[in-house]
Amino acid sequence: VDEADRMADMGFLPEVKRLLDRTPDTRRTFLFSATLDGEVDVLVNRYQRDPIVVEALGAGGDEDEGEVTHEFWAVDGSVRVERAADIIKAHGRTIVFCRTKHGADRVARQLARYGVSAEAMHGDRSQSQRQRALDGFSRGAVIALVATDVAARGIHVDDVACIVQLDPPATAKDYVHRSGRTGRAGNVGAVVSLVAPDKRGDVRKLQRELGMEQGTVGPRQLTPLPAGSLPAPRPEQSHDDTMARPRHVGRDGNAARPRGERTARWLDSDSRPDRGGRPSGSRPGATRPRG
């Protein structure tokens with residue numbers, strides 16, 4: 001059962017149980033997710049015998065591999081897209097997460113105005129449109145994939161350098177899955193959350209749940225990648241025929257970038273939550289979540 005916790009969250013456990021009841025008792029049952037928790041206890045208790053957990057800690061099994069930094073930038077809502085464009089130009093291949101489908105379409109259009117090629121991906125797009133967006137992102141035709149949480153699970157693209165959260169995730173579990181799109185297979189990555197003033201309370205709560213130091217830092221100055229290393233935005237993006245011009249204001253302050261780390265996990269046949277680890281780094285806005 002892949003993304004077993006998500007199946008539980010969405011109310012699919014009755015269907016899963018009916019399917020498992022029709023399989024032989026000699027079967028082996030595997031539960032996969034980066035965040036297996038108590039919601040799947042019913043499957044563990046009813047369908048598994050002596051379950052064990054297998055955790056993938058990175059290439060070679062070293063927990064320090066696949067280092068991912070986590071930063072929370074205090075940014076006025078009117079300049080979030082501009083700051084996101086700066087981050088993408090400095091890191092390269094980036095997934096930008098938005099809360100709504102309409103927001104994802106709008107941000108993809110706006111990024112083009114800042115010289116960033118982007119495609120939108122969400123549940124209102126057809127399967128062929130989503131696949132086309134993912135293929136373009138995978139082969140480097142576009143540098144940014146702007147998505148809702150439909151891209152937070154089950155999506156693997158090599159060498160995703162950065163995750164930008166334009167809207168904070170609804171839950172700590174969603175943060176873990178979004179973050180898991182970068183720093184895969186032992187690679188390094190970065191997760192930058194852009195926090196508008198009205199979202200600071202929600203973000204502090206999220207940080208508490210993740211065991212992270214609470215707070216935000218100001219946006220820091222970034223060095224863009226060399227000219228010609230990023231694909232140019234096309235005159236017309238496939239997600240819409242029009243492009244909107246975002247509001248533009250001056251830059252905010254900057255803060256030094258601390259370093260952190262993240263452990264990627266693959267859990268098998270267990271309902272225990274991720275054990276996680278102590279945060280690395282001591283400044284607010286750049287610490288490590290558990291899981």
Side-chain angles (χ1 to χ4, degrees), residues 6 9 34-35 68-88 91 93-114 116 118-125 130 133 137 143-155 160-182 189-210 212 214-219 237 239-240 244 246-249 252 284-287 289 291:
R6 184 62 171 162
D9 292 343
T35 52
V68 175
T69 60
H70 298 265
E71 303 182 41
F72 293 82
W73 292 10
V75 174
D76 185 78
S78 63
V79 295
R80 287 186 309 156
V81 177
E82 184 183 2
R83 293 289 84 79
D86 293 340
I87 295 166
I88 295 166
H91 286 87
R93 184 173 291 167
T94 298
I95 300 178
V96 180
F97 281 103
C98 298
R99 182 175 59 87
T100 67
K101 303 166 187 176
H102 175 70
D105 284 333
R106 183 181 66 251
V107 169
R109 294 193 302 267
Q110 291 173 339
L111 284 172
R113 290 293 187 181
Y114 289 114
V116 173
E119 284 281 3
M121 181 175 176
H122 53 72
D124 275 355
R125 303 191 69 75
R130 282 181 282 176
F137 182 61
I143 200 64
L145 184 68
V146 186
T148 60
D149 281 322
V150 71
R153 295 174 180 247
I155 299 294
V160 174
C162 186
I163 301 298
V164 172
Q165 304 196 84
L166 235 63
D167 297 308
T171 67
K173 184 185 294 187
D174 291 337
Y175 184 98
V176 171
H177 284 278
R178 287 181 177 187
S179 302
R181 300 312 98 197
T182 189
V191 180
V192 183
S193 302
L194 304 182
V195 185
D198 62 333
K199 298 297 183 182
R200 291 179 184 176
D202 294 336
V203 167
R204 284 195 296 270
K205 178 182 177 182
L206 184 73
Q207 290 169 328
R208 284 197 301 269
E209 293 175 354
L210 290 166
M212 305 172 75
Q214 298 173 47
T216 57
V217 297
Q237 301 292 305
H239 47 74
D240 204 311
R247 289 174 289 174
H248 181 94
V249 301
D252 295 324
T287 51

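Every value quoted in this text rests on a predicted model; they were computed, and no experiment measured them.
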Minimal non-hydrogen separation, His122 against Arg130, with atom names: O-CD, 3.4 Å
Where Ala104 and Ala120 come nearest, the two heavy atoms and their spacing: O-CB, 4.0 Å
Evaluation steps, side-chain contact (heavy atoms from CB on, under 4.5 Å), between Phe137 and Met121: CA-CA 11 Å; Phe137 182 61; Met121 181 175 176; over 6 Å; no
Residues Asp202, Lys205: salt bridge by 4.0 Å N-O rule: no
Working to the nearest 0.5 Å, report the span between [atom1] of [X] and [atom2] of [Y].
X: Glu209; Y: Tyr175; atom1: CD; atom2: OH; answer: 13.0 Å
X: Thr171; Y: Leu206; atom1: OG1; atom2: CG; answer: 8.0 Å
X: Leu194; Y: Glu71; atom1: CG; atom2: CD; answer: 10.5 Å
X: Ile95; Y: Ile88; atom1: CD1; atom2: CD1; answer: 11.0 Å
X: Tyr114; Y: Glu82; atom1: OH; atom2: CD; answer: 4.5 Å
X: Gln165; Y: Arg178; atom1: CD; atom2: CZ; answer: 5.0 Å

Indicate yes or no: at least one non-hydrogen side-chain atom of [X] is less than 4.5 angstrom from one of [Y].
X: Asp105; Y: Arg109; value: yes
X: Gln207; Y: Leu210; value: no
X: Asp167; Y: Arg80; value: yes
X: Cys162; Y: Ile87; value: yes
X: Val81; Y: Leu111; value: yes
X: Val217; Y: Trp73; value: yes

Donor-acceptor pair, side chain of Thr182 and main chain of Val160, under 3.5 angstrom: yes
Any donor-acceptor N/O pair, Arg181 side chain to His177 backbone, under 3.5 Å: yes
side-chain contact (heavy atoms from CB on, under 4.5 Å) between Arg106 and Val146, intermediate numbers included: CA-CA 9 Å; Arg106 183 181 66 251; Val146 186; over 6 Å; no
